[in-house]
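Since the structure comes first, as structure tokens, the remarks are kept for the end.
Note on naming: letters A, B, ... go to the chains in the order of the sequence lines (proteins, then strands), and numbering restarts at 1 for each one.
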2 protein chains.
Amino acid sequence: MERRNEISIGTLANRTGLAVSAIRYYETQGLVAPERNAGGQRRFLRSDIRRLSFVMIAQKFGFTLDRIREVMSRLPQSRTPTAKDWTEISQDFRAELDEQIQALTRLRDKLDGCIGCGCLSLDRCALYNPDDVAADKGAGPRYLMGDEAVRPED
Amino acid sequence: MERRNEISIGTLANRTGLAVSAIRYYETQGLVAPERNAGGQRRFLRSDIRRLSFVMIAQKFGFTLDRIREVMSRLPQSRTPTAKDWTEISQDFRAELDEQIQALTRLRDKLDGCIGCGCLSLDRCALYNPDDVAADKGAGPRYLMGDEAVRPED
DNA sequence: GCTTGAGCTAAAGTTAGCTTTAGGAATTAT
DNA sequence: ATAATTCCTAAAGCTAACTTTAGCTCAAGC
């Protein structure tokens with residue numbers, strides 16, 4: 001039975017458009033924390049619809065689930081988050097999003113310079129500098145170029 | 001022996017900062033196509049330094065290896081690419097990059113509206129519309145919200 | 001001419017973000 | 001009361017972009 005203010009995973013899936021499997025996965029990642037009923041089935045709160053909507057929006061912005069969990073951890077634990085609570089953490093994202101846009105724009109402007117000069121591979125190229133976009137999750141140094149031996153005809 | 005204009009995988013790795021294993025992987029993905037010497041070892045051209053530099057730059061912009069291979073396939077096959085060739089395909093990227101920046105900016109502006117109204121989860125929310133950033137590689141519908149049952153206190 | 005470093009292949013492992021599968025158990029509908 | 005849904009867990013699979021490992025060969029230096 002779905003009691004007032006309690007919903008099943010299927011209902012939550014329908015409301016959010018997420019797959020049931022995705023919601024279960026989000027639980028393992030600490031993004032929602034449903035209770036269980038007598039039969040062991042998950043019982044979510046209606047406010048979890050908003051919670052997962054927030055997750056989906058943040059993902060559209062390119063944030064990782066880890067980062068999203070971090071930001072959401074700033075929501076009050078003791079009570080159901082209000083509209084104001086959501087607004088506040090949204091502003092955090094807004095700031096990061098701005099940075100990301102700016103980083104991408106800077107990179108684009110550098111590329112413009114390189115298109116002009118046609119080098120694209122010499123170590124004096126502006127793209128050489130790693131003052132870049134986002135965090136590269138991969139391992140290793142990954143620096144660009146350093147190709148002093150390339151001659152014009154290469 | 002490294003003959004004039006032929007370099008080993010190790011040399012290429014040093015010049016680009018890439019790991020040897022990454023270069024081998026790029027070969028499987030059709031991003032470079034080295035020849036082999038008598039002993040079966042890869043022999044790259046010096047111009048491959050520029051090729052891989054281009055790959056690295058494009059990756060910074062967030063392009064997938066598949067997309068990069070596609071764009072690079074427009075380079076001349078019959079001769080070593082000139083600076084002008086590189087400039088031309090760079091402009092393709094430049095255009096896509098612009099679109100991406102604009103999409104992100106639009107999304108940010110929508111978020112601004114939502115921060116203002118504090119809804120963040122109602123189906124009249126601007127973030128509901130999927131005129132979005134990039135292609136979502138994942139499967140499934142993935143629409144946002146549609147949460148008519150959420151009441152103010154949720 | 002032999003030791004050591006560089007290279008080779010094939011296969012398995014890694015992270016993120018999920019989905020799919022298999023085999024049961026709980027709910028809901030009739 | 002029984003059939004049809006829905007849900008459960010655990011484990012394996014998937015894509016991207018690589019790395020790691022194992023076991024072996026090649027090439028370069030002394």
Side-chain angles (χ1 to χ4, degrees), chain A residues 1-3 6-44 48 52 55-70 134-142, chain B residues 1-3 6-44 48 52 55-70 72 134-143:
Chain A
M1 61 300 234
E2 266 189 25
R3 294 197 293 204
E6 282 188 351
I7 59 180
S8 70
I9 195 167
T11 304
L12 184 54
N14 285 333
R15 295 297 188 196
T16 56
L18 287 167
V20 166
S21 59
I23 297 175
R24 289 203 194 99
Y25 176 70
Y26 289 161
E27 183 184 358
T28 71
Q29 300 306 296
L31 295 168
V32 265
E35 312 238 294
R36 300 299 176 118
N37 72 2
Q41 300 196 349
R42 292 172 180 79
R43 292 298 131 169
F44 294 85
D48 287 331
L52 291 189
V55 171
M56 294 167 83
I57 292 171
Q59 274 194 296
K60 282 195 170 195
F61 292 157
F63 294 104
T64 64
L65 296 184
D66 273 5
R67 183 79 188 98
I68 296 170
R69 187 187 45 236
E70 245 179 68
D136 32 6
K137 16 348 189 42
R142 215 62 69 76
Chain B
M1 61 302 230
E2 264 188 29
R3 292 198 294 204
E6 282 187 351
I7 60 180
S8 70
I9 196 168
T11 303
L12 184 54
N14 285 333
R15 294 298 187 196
T16 57
L18 288 167
V20 165
S21 61
I23 297 175
R24 289 203 194 100
Y25 176 70
Y26 289 160
E27 183 184 358
T28 71
Q29 300 307 295
L31 295 168
V32 267
E35 313 237 294
R36 300 298 178 117
N37 71 2
Q41 300 195 348
R42 292 172 180 79
R43 292 299 131 169
F44 295 84
D48 287 331
L52 292 189
V55 171
M56 295 168 83
I57 292 171
Q59 276 195 296
K60 282 195 170 194
F61 292 158
F63 295 103
T64 64
L65 295 184
D66 273 4
R67 183 79 190 96
I68 296 171
R69 186 186 45 234
E70 246 178 67
M72 289 210 308
D136 32 7
K137 21 339 195 39
R142 215 62 69 75
Y143 60 86

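If you measure from atom CD of A/Glu70 to atom P of C/dA16, you get 13 Å, rounded to the nearest angstrom. Protein atom CG of A/Leu52 is 11 Å distant from nucleotide atom P of C/dC18, rounded to whole Å. Following rounding to the nearest Å, B/Arg42 (CZ) and D/dA27 (P) show an atom-to-atom distance of 14 Å. Across the protein-nucleic acid pair, B/Ile23 atom CD1 and D/dC18 atom P stand 11 Å apart, rounded to whole Å. Straight-line distance from the OH atom of B/Tyr26 to the C1' atom of D/dA16: 11 Å, rounded to whole Å. We find that CZ of B/Phe63 is positioned 17 Å from C1' of D/dA17, with the value rounded to whole Å. One atom, CD1 of A/Ile7, and another, C1' of C/dT27, lie 17 Å apart when rounded to the nearest Å. When rounded to the nearest whole Å, the span between CG of B/Asn37 and P of C/dG7 equals 11 Å.
The listed nucleotides are D/dT6, D/dT9, D/dC18; the one nearest the side chain of A/Gln41 is D/dT6. Residue A/Ala19 has its side chain nearest to C/dT19 when only C/dT19, D/dC18, D/dC8 are considered. Side-chain proximity of B/Tyr25 to the nucleotides C/dG7, C/dC18, D/dC18 is greatest for D/dC18.
Among the atoms of the strands shown, base atoms are found under 4.0 Å from some heavy atom of B/Arg24. Looking at heavy-atom distances under 4.0 Å, B/Arg67 makes no contact with the nucleic acid at all.
Regarding contacts with the backbone of C/dG7, a side-chain N or O of B/Ser8 is found under 4.0 angstrom from either OP1 or OP2.
Mapping A/Gly40 and A/Asp66 onto DNA chain C by nearest heavy atom places A/Asp66 at the nucleotide closer to the 5' end. Comparing B/Ala22 and A/Gly39, the nucleotide of DNA chain D nearest to each residue sits closer to the 5' end for A/Gly39. In terms of position along DNA chain D, the nucleotide closest to A/Gly10 lies nearer the 5' end than the nucleotide closest to the other residue of the pair A/Gly10 and B/Ser21.
B/Arg15 has its side chain out of reach of B/Leu52: every pair of non-hydrogen atoms, C-beta onward, lies at least 4.5 Å apart.
Nearest heavy-atom pair, A/Val32 versus A/Ile23, reported as atom, atom and distance to 0.1 Å: CG2-O, 4.3 Å. Here the shortest heavy-atom pairing between A/Thr16 and A/Met56 reads O-CE, 3.4 Å. Taking each heavy atom of A/Val55 and A/Ile68 in turn, the nearest pair found is O-CD1, 3.8 Å. Contact detail for B/Val20 and B/Ala13: the closest heavy-atom pair is CG2-CB, 3.8 Å.
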